[in-house]
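First the structure, in the form of structure tokens, and then the observations on it.
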Amino acid sequence: MDTSLVLWAASVTLLATVIIARTWGMKRSGQRGHRLPAGSRGWPLVGETLQFVSCAYSPRPERFMDKRTLMYGKVFRSHLFGSSTIVSTDAEVSRCILQSDARTFVPWYPKSLTELMGKSSILLINGNLQRRVHGLIGAFFKSSDLKAQITRDMQSYVQESMINWQDDQLIRIQDETKKIIFQILVKGLIGLEPGKEMQLLKQQFKEFIAGLMSLPVKLPGSRLYRSLQAKKKMVMLIKSIIEEKRKNKLGCAPRDVVDVLINDASGQLTDNLISDNMIDLMIPAEDSVPVLVTLAVKYLSECPLALQHLEEENTRLEKRRSMLGGELQWADYMSLSFTQHVITETLRMGNIISGIMRKAVKDVEIRGHLIPKGWCVFTYFRSVHLDEKHYEEAYKFNPWRWKDKDMSSCGFTPFGGGQRLCPGLDLARLEASIFLHHLVTNFTWVAEEDHIVNFPTVRMKGGMPIRVRRRS
Ligand code: HEM
């Protein structure tokens, strides 16, 4: 064939492809001129996942977002973890997404996680059932009875653990807090005291969470399979506790979350749903509070002035307590305003949950951006929390910034928002305050070298080792 004819045919084909692609693109831009955000799909199949993950392992995971924000704006499209994804680093767009309900967005988690959580998990269910379970748990976590109980338990577990610390001993804060927080959590959820059953639960839970980020393969021997087996054992234990509680129902005030859920009269909450959810509730709680405390210790170790203010505030409270006698109450810890600022600033800088994923159940338009049906949307809190426009010297640990700052007006969402706002947020702050109080009033310390790892979950590589010395 004549070469010019081939060239002409190739040009026509190319032109036709461009026209079809543009027309399709305009259609995807939705009705009324809403546009699919600009961005790149990256490589076939893997999309931009490799670039995302390699940034996520670095000390500055937000660089993946920063680079694209410069090119495409604060809302851009990408392809992550096998799904077409719209990424939002825009506080207002993210707020709208968090406020939406299941008619627009549903939660999205990696396959291994959904397999392990099961269909009735609070993290996955939607609509009335989610609102009911969330409401019951949230109300219980806010109740003054539970706060009094948790304050008592946490104080005694912290004291029990710290009493054994020797001068110059190397303490890994992450490990110490994990032990204590797990006990508190299990007691608050199912009423179990430390002992043999608690130990069994702890072992199985460790096995269970090891599979949260595994390959979605359920063959015997695989990581996911072993995690599912561990979950079965935990469910059996929790079911036996539920049966016991049902037998001995005495009509007294609920002492743990199981009590609250079995007293629910709606008939929607089966024993299977309750026992499954007790384990799923441990997922967001078990790791995040210890990491919050660990990061606070890291930031304080690097900011002597903040540590000094914290010590002074907590010593004043301790002196008052010893003069008046008795134990500190929940309200005493919450009255420590600088300690609360330290926790808030740690949440901002640490970004323990860097963002959350949802899936659009229909075409959605938010502030001119189209999120097509079936696409994922990733609201990335970390970029907002480290944005100079919201926070001056954003990479500097500065608890004083919260003195006059309104938490609700600066895109600050470490606990999410809307209907899925973390029901454990008061508890997390309380537990962190109690641990910090006992640490700074009883010990001085020198921190050893360690650094933050940001992926797949935030943690300190070496568990934040500190060498402690008891105050005289
Ligand atoms: C520093 C500690 C914590 C952080 C940073 C944190 C963060 C979050 C975030 C961002 C969400 C929203 C997830 C979404 O929208 O899909 C969430 C939900 C949740 N959190 Fe927390 N959390 C913490 C501690 C706790 C604790 C102590 C508990 C309770 C024992 C807890 C229980 C839950 C539950 C049950 C949900 C799901 C709520 C629902 O989907 O209805 N969290 N958490």
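In listed order, ligands and their atoms are each counted from 1. Remember, predicted model here, so these are calculated numbers, not experimental data.
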Contact check, Met282 vs ligand 1, heavy-atom distance below 4.0 Å: no
Where ligand 1 meets [X] - atom numbers and elements under 4.0 angstrom, heavy-atom basis:
X      : answer
Ala428 : 2 (C)
Arg358 : 14 (C), 15 (O), 16 (O)
Ile353 : 5 (C), 7 (C), 10 (C)
Ile122 : 39 (C), 40 (O), 41 (O)
Pro414 : 5 (C), 7 (C), 10 (C)
Leu281 : 35 (C)
Leu185 : 30 (C)
Gly416 : 10 (C)

All side-chain hydrogen bond (donor to acceptor under 3.5 Å, both in side chains) counterparts of Asp406, not counting sequence neighbours: Ser408
Can any side-chain N or O of [X] pair as donor or acceptor with the backbone N or O of [Y] at less than 3.5 Å?
X      : Y      : value
Asp404 : Arg401 : no
Ser100 : Cys96  : yes
Ser335 : Asp332 : yes
Arg172 : Gly462 : yes
Asp90  : Lys74  : no
Gln329 : Glu327 : yes

For residues [X] and [Y], establish whether the separation of their ring centroids is below 6.0 Å.
X      : Y      : value
Trp375 : Phe105 : no
Trp108 : Phe378 : no
Phe52  : Phe81  : yes

Aromatic plane relationship, His438 with Tyr333 - under 30° parallel, 30 to 60° tilted, over 60° perpendicular: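 The arrangement is tilted - the two ring planes meet at 30° to 60°.
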Distance-only polar pair, side chains of Glu313 and Thr339, donor-acceptor under 3.5 Å: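 The answer is yes; a qualifying pair exists.
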Looking only at protein heavy atoms, which one is nearest to [atom], and how far off is it?
atom                    : result
atom 29 (C) of ligand 1 : Phe141 CE1, 3.5 Å
atom 20 (N) of ligand 1 : Cys422 SG, 3.2 Å
atom 23 (C) of ligand 1 : Ser288 OG, 3.5 Å
atom 34 (C) of ligand 1 : Pro423 CD, 3.4 Å
atom 13 (C) of ligand 1 : Ile356 CG2, 4.0 Å
atom 39 (C) of ligand 1 : His134 ND1, 3.5 Å
atom 26 (C) of ligand 1 : Ala285 CB, 3.5 Å
atom 6 (C) of ligand 1  : Phe415 CD2, 3.6 Å

Region of Arg420 that comes within reach of ligand 1 [heavy atoms, distance under 4.0 Å]: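 Contact part for Arg420 vs ligand 1: both backbone and side chain.
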Heteroatom proximity flag, Gln130 to ligand 1, N/O under 3.5 Å: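 Among all N and O atoms of Gln130, at least one is under 3.5 Å from an N or O of ligand 1.
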Residue selection (non-hydrogen contact nearest atom 37 (C) of ligand 1) among Leu123, Ile97, Val458: Leu123
